Amino acid sequence: MNIGIIGSGGREHSICFKLKQSSLVNRIYCIPGNAGTSELSENLNIDINDFEKIYREIKNKDIKLLIVGPEVPLVNGIVDYFQKKNIKVFGPNKNASRLEGSKLFMKKICKDFNIPTAKYEEITSENQAKKIINNFNFPIVVKSDGLAAGKGVTICKNKKEAIKDILEILNGKFKSSKKVIIEEFLKGEEASYFIISDGKNYLPIGTAQDHKRIGENDTGLNTGGMGAYSPSKIISKDIEKKILKKIIAPTIKAMESIGSPYKGILYAGLMIDKSEPKLIEYNIRLGDPECQVLMMRLKNDLLDLILSTFNNSLRKKKISWIKKPGITIVAASKGYPGKFDTLKEIKNLKNIKVDKSQQLFHAGTIKSKGGKILSNGGRVLNSTVIDSDLLKARKKALKILDKIKWKNKYYRRDIGFRVIKK
Ligand code: AMP
Ligand code: GLY
């Protein structure tokens with residue numbers, strides 16, 4: 001079977017790597033992919049939101065299944081578009097994608113179906129904000145309703161800060177939506193929980209914890225994610241039961257009952273405090289960089305698992321894992337998430353040893369005409385290692401990044417610091 005993967009990050013490179021191991025897979029096409037995916041598959045240089053152009057290539061290349069990595073095309077309705085054309089596409093449709101595409105939608109689902117989450121209010125004007133804020137304790141969380149590439153959330157220490165952020169969103173700071181919500185600040189530790197769903201049945205496909213801040217000790221600006229490890233150490237069996245019972249099961253039921261059954265990967269961003277999980281947000285896709293570790297630890301044939309969501313056999317599947325934990329460390333361009341240079345040569349990648357337990361997944365990389373690998377984005381490489389413990393895995397992952405000759409590289413050396421004991 002020929003497969004198309006939409007996206008160009010470390011997540012998509014790791015999906016490509018995993019699919020390459022499947023005997024069910026014939027050819028893989030990455031749309032648009034990166035320098036790493038070009039080694040395993042054929043890259044097709046198409047805008048991921050140009051569905052017509054993608055459709056033409058799907059026909060040309062006889063692609064039978066499309067796997068969508070990032071959220072934007074999902075929220076824009078890529079699944080609905082290709083379903084109409086009778087092409088199998090793995091991911092939630094436009095309506096179901098509102099779980100990530102609209103925080104107001106997600107909050108309403110939580111309210112209507114009794115799913116634990118932070119208390120919230122929609123804000124519609126400055127005056128109303130000034131009144132409603134008095135019902136919250138500080139800090140409060142101000143959020144844009146729509147997609148904002150990780151920049152739509154601020155934690156505000158006082159009323160002045162909150163009003164400033166609220167006004168910016170009401171005045172159109174984000175193209176996706178002018179709507180804004182404020183939320184109670186949740187204390188605790190964050191963890192990510194992933195399931196695969198066919199709309200009715202679902203299976204957990206792993207846990208992880210990521211580090212979103214640019215600086216060591218989780219300081220500085222928010223990023224797409226600077227590293228992650230799996231499994232999460234705080235999700236005990238007992239907490240997992242609660243996550244499934246109080247959050248996942250009612251969500252799947254809710255989506256079915258409103259006529260938008262949830263198909264695809266659902267990623268719950270959770271806050272866990274005193275062994276009680278609360279939903280911070282839903283993502284409608286695999287996390288990046290969490291996916292990179294999950295793909296290294298998952299034993300199942302990924303294509304078989306995905307196909308089971310189309311032919312009603314998901315409930316018969318069992319997920320199995322390599323027991324060892326895994327870590328991924330992101331190497332970014334110096335300056336990210338602010339300004340950074342691109343098109344800088346990354347040398348000696350060919351000398352890096354990769355195998356089943358260590359991989360170097362590419363994100364923002366491209367190949368020059370002469371075959372050189374150049375940086376082409378904020379997050380550029382992901383050193384992903386599984387080993388008997390996280391300390392060993394981190395040491396190896398760092399060693400790989402240390403070897404790479406790229407003047408602009410920046411990475412954190414402390415990924416997993418909350419759980420790695422030296
Ligand atoms: P989101 O885009 O909703 O995932 O928010 C990004 C990050 O902001 C989360 O990963 C949390 O670290 C933080 N955050 C969001 N909402 C809350 C909340 N209600 N309480 C505490 N932290 C939050
Ligand atoms: N690593 C966070 C995300 O993918 O949203």
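Just follow the structure's listing: the first ligand is 1, and inside any ligand the first atom is 1. Computed from a prediction, not measured in an experiment: that's the story for all the values here.
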### Message
I'd like to know whether ligand 2 has A228 as a neighbour, heavy-atom separation below 4.0 Å.
### Response
no
### Message
When you measure from the centre of the six-membered ring of F340, is the NZ or CZ of K334 closer than 6.0 Å and no more than 45° off the axis?
### Response
no
### Message
Testing the 3.5 Å rule here: is there a donor-acceptor pair between the side chains of Q292 and Q359?
### Response
no
### Check: T207/S232 side-chain N/O donor and acceptor closer than 3.5 Å
no
### Task
Return yes when E184 approaches ligand 1 closer than 4.0 angstrom through a heavy atom, no otherwise.
yes
### Message
Any nitrogen or oxygen of K212, side chain or backbone, less than 3.5 Å from one on ligand 2?
### Response
no
### Query
What residue among V25, L24, L19 forms side-chain contact (heavy atoms from CB on, under 4.5 Å) with D301?
L24
### Task
Can you confirm whether something in the protein, heavy atoms only, sits under 4.0 Å from atom 7 (C) of ligand 1?
no
### Query
If you measure every N/O of K212 against every N/O of ligand 1, is any gap under 3.5 Å?
yes
### Task
Please state whether R11 comes within less than 4.0 angstrom of ligand 2, counting heavy atoms only.
no
### Heteroatom distance test (M271, ligand 1): nitrogen or oxygen, under 3.5 angstrom
no
### Query
Which of the atoms in ligand 2, numbered in the order shown and given with their element, are less than 4.0 Å from a heavy-atom of G224?
1 (N), 2 (C)
### Query
Is D145 salt-bridged to K143, cutoff N-O under 4.0 Å?
no
### Message
Could you check whether any heavy atom of G225 sits closer than 4.0 Å to an atom of ligand 2, since that is the contact criterion I want to use?
### Response
no
#### Entry: Test: R412 and E216 ion pair at under 4.0 Å
no
### Task
Number the atoms of ligand 2 from 1 as they appear, then name those within less than 4.0 Å of a heavy atom of G287, with their elements.
4 (O)
### Message
Show me which atoms of ligand 2 lie under 4.0 Å from any heavy atom of R285.
### Response
3 (C), 4 (O), 5 (O)
#### Entry: Residue pair N408 / S333, side-chain donor-acceptor N/O under 3.5 Å
no
### Summary
From the list F194, Y262, Y282, ring pair (Phe, Tyr, Trp, His ring centres under 6.0 Å) with Y267 holds only for F194
